[in-house]
Engineer: 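Quick one: this structure, given as structure tokens, is what I'll be asking you about.
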Amino acid sequence: MNVLELQNQFKVLFGESAAHTFFAPGRVNLIGEHIDYNGGLVFPCAITLGTYALVSIREDENFAVYSENFKELGIINISINDLEYRKEDNWTNYLKAVLKFLLESGHEIPHGLNILIYGNIPNGSGLSSSASLEILVSKLFSMMYDLDLKPTEMALLGKKVENEYMGVSSGIMDQFAIALGKKNSALLLNCGTQEFEHIPFVLDGYQIVIMNTNKRRELADSKYNERFNECTQSLTILKQTYPQISAICDLGEKELEKLDKVITDPILYKRTKHAISENLRVIAATKALENNDLVTFGKLLNGSHASLRDDYEVTGKELDTLVEAALAEEGTLGARMTGAGFGGCAIAIVKTENVDNFMANVGAKYKEVIGYDVTFYIASIGNGPCEIK
Ligand code: GLA
């Protein structure tokens, strides 16, 4: 749906015109996977797919909210006095959580709102539709109530929603990538210190192709929390040998070489090896970009996927099939899963002139092996949250 159609729908639902329209992007992560909660470096970017909100002011203290993506739920009424999590409240839990935490930190919410939401990020695709929604509602509350929230504050608020309200132990990558999105730049973020830098990411003659497995991400959250817990156990063991560290990614090449002596449990060893080596790959990838060495950059993406497949074990048949098929194509610089894994999306960097053949061939291979279709999107790197005037 485009903005005009959304405005018409708003009038039908609420009997008046929307006063403001807001947008927040989704994200892809180029490299640095499953290390944001291990104090590592990540390198994501915001994309032009995202979530829209149309808003009008209410006289009372209530919120009437509707999502085009969950039409069947109709208009849902939320009272500012009842913001507790309830599973059946579905997507509105994210909105309630942001409101709850804003109120708890002393912000004033003097009146309610009518809100229409619409997202064009495929749900559960690993392109961060939930972080996009968190940052969108933070941005709209910030603008509607003059809260003046900074991008990093919105990002940390979104993370708090995931960790303390939704029960997912996720790191800070998605919310930072979205809140700090910048057109044609990727964000090099040190998740240990929260320092960041925007690095121009324009690939002359190449495109980022997003490949959606269309696999339902069942149990993804519980498997995610399992990996988080394994890393917590590893860190406790590592600290006996390296008491000065505060996260796994504080370790480097030298420690990686003798890691098998320090962590003897085979599963924990593999998880830790992934985290340390992935952090080193991010450093190498940004160096390669600086030197305009896209071939090395692509190889590092492939190395990241292999490590997530063999050591971190978060890929699965669908993602592996896509990446393998992508790498067999002419013009592919590199390919890897992106986001949490267990389904969701992979990305490939493909020479523009080869993109059509790439999609035809990878699409056919995926259908042959998996039995249903992959969906492709060509990603453009876009800005962070904004009001659309
Ligand atoms: C999800 C989480 C992020 C990050 C990635 C994996 O997207 O929300 O915090 O851990 O998985 O890199």
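Counting starts at 1 for both ligands and their atoms, in listed order.
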Engineer: What pair of heavy atoms forms the shortest contact from Pro25 to Ala46, and how long is it?
Structural biologist: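 Shortest heavy-atom separation between Pro25 and Ala46 comes out as CG-CB, 3.7 Å.
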
Engineer: Any idea which protein heavy atom is nearest atom 8 (O) of ligand 1, and the distance to it?
Structural biologist: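 Checking every protein heavy atom, the shortest distance to atom 8 (O) of ligand 1 gives Asp174 OD2, 2.6 Å.
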
Engineer: For Val28 and Cys45: C-alpha separation, side-chain torsions, deciding distance, then whether side-chain contact (heavy atoms from CB on, under 4.5 Å) applies.
Structural biologist: CA-CA 6 Å; Val28 292; Cys45 52; 3.7 Å; yes

Engineer: Strictly below 4.0 Å, N to O, side chains only: are Lys100 and Glu104 in salt-bridge contact?
Structural biologist: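 A salt bridge is present here (some side-chain N lies under 4.0 Å from a carboxylate O).
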
Engineer: Which of the atoms in ligand 1, numbered in the order shown and given with their element, are less than 4.0 Å from a heavy-atom of Gly339?
Structural biologist: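 Reading through ligand 1 atom by atom, the close ones are 6 (C), 11 (O).
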
Engineer: What about Gly171: any of its N or O atoms under 3.5 Å from an N or O on ligand 1?
Structural biologist: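 Between Gly171 and ligand 1, an N or O pair is found under 3.5 Å apart.
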
Engineer: To the nearest 0.1 Å, how far is atom 5 (C) of ligand 1 from its closest protein heavy atom, and which atom is that?
Structural biologist: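 Heavy-atom neighbour on the protein nearest atom 5 (C) of ligand 1: Met173 CE, 3.8 Å.
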
Engineer: Could you check, using the six-membered ring where one of them is a Trp, whether Tyr224 and Tyr37 have ring centers closer than 6.0 angstrom?
Structural biologist: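 Under 6.0 Å, so yes.
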
Engineer: Is ligand 1 under 4.0 Å from a heavy atom in the side chain of Arg27, in the backbone, in both, or in neither?
Structural biologist: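 The side chain, only.
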
Engineer: Going by an N to O cut-off under 4.0 Å, is there a salt bridge joining Glu257 and Lys254?
Structural biologist: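 No.
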
Engineer: Got the closest protein heavy atom to atom 3 (C) of ligand 1, with its distance?
Structural biologist: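 Closest protein heavy atom to atom 3 (C) of ligand 1: Asp36 OD2, 3.3 Å.
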
Engineer: Just go through Phe342, Tyr224, Phe228 and tell me whose heavy atom is the nearest to atom 11 (O) of ligand 1.
Structural biologist: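 Answer by nearest heavy atom: Tyr224.
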
Engineer: Report, in ascending order of atom number, the atoms of ligand 1 lying under 4.0 Å from any heavy atom of Tyr37.
Structural biologist: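 Selected atoms, number and element: 10 (O).
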
Engineer: Quick one, Tyr66 with Ile76, criterion side-chain contact (heavy atoms from CB on, under 4.5 Å). Give me CA distance, side-chain angles, the key distance, then yes/no.
Structural biologist: CA-CA 6 Å; Tyr66 173 91; Ile76 299 169; over 6 Å; no

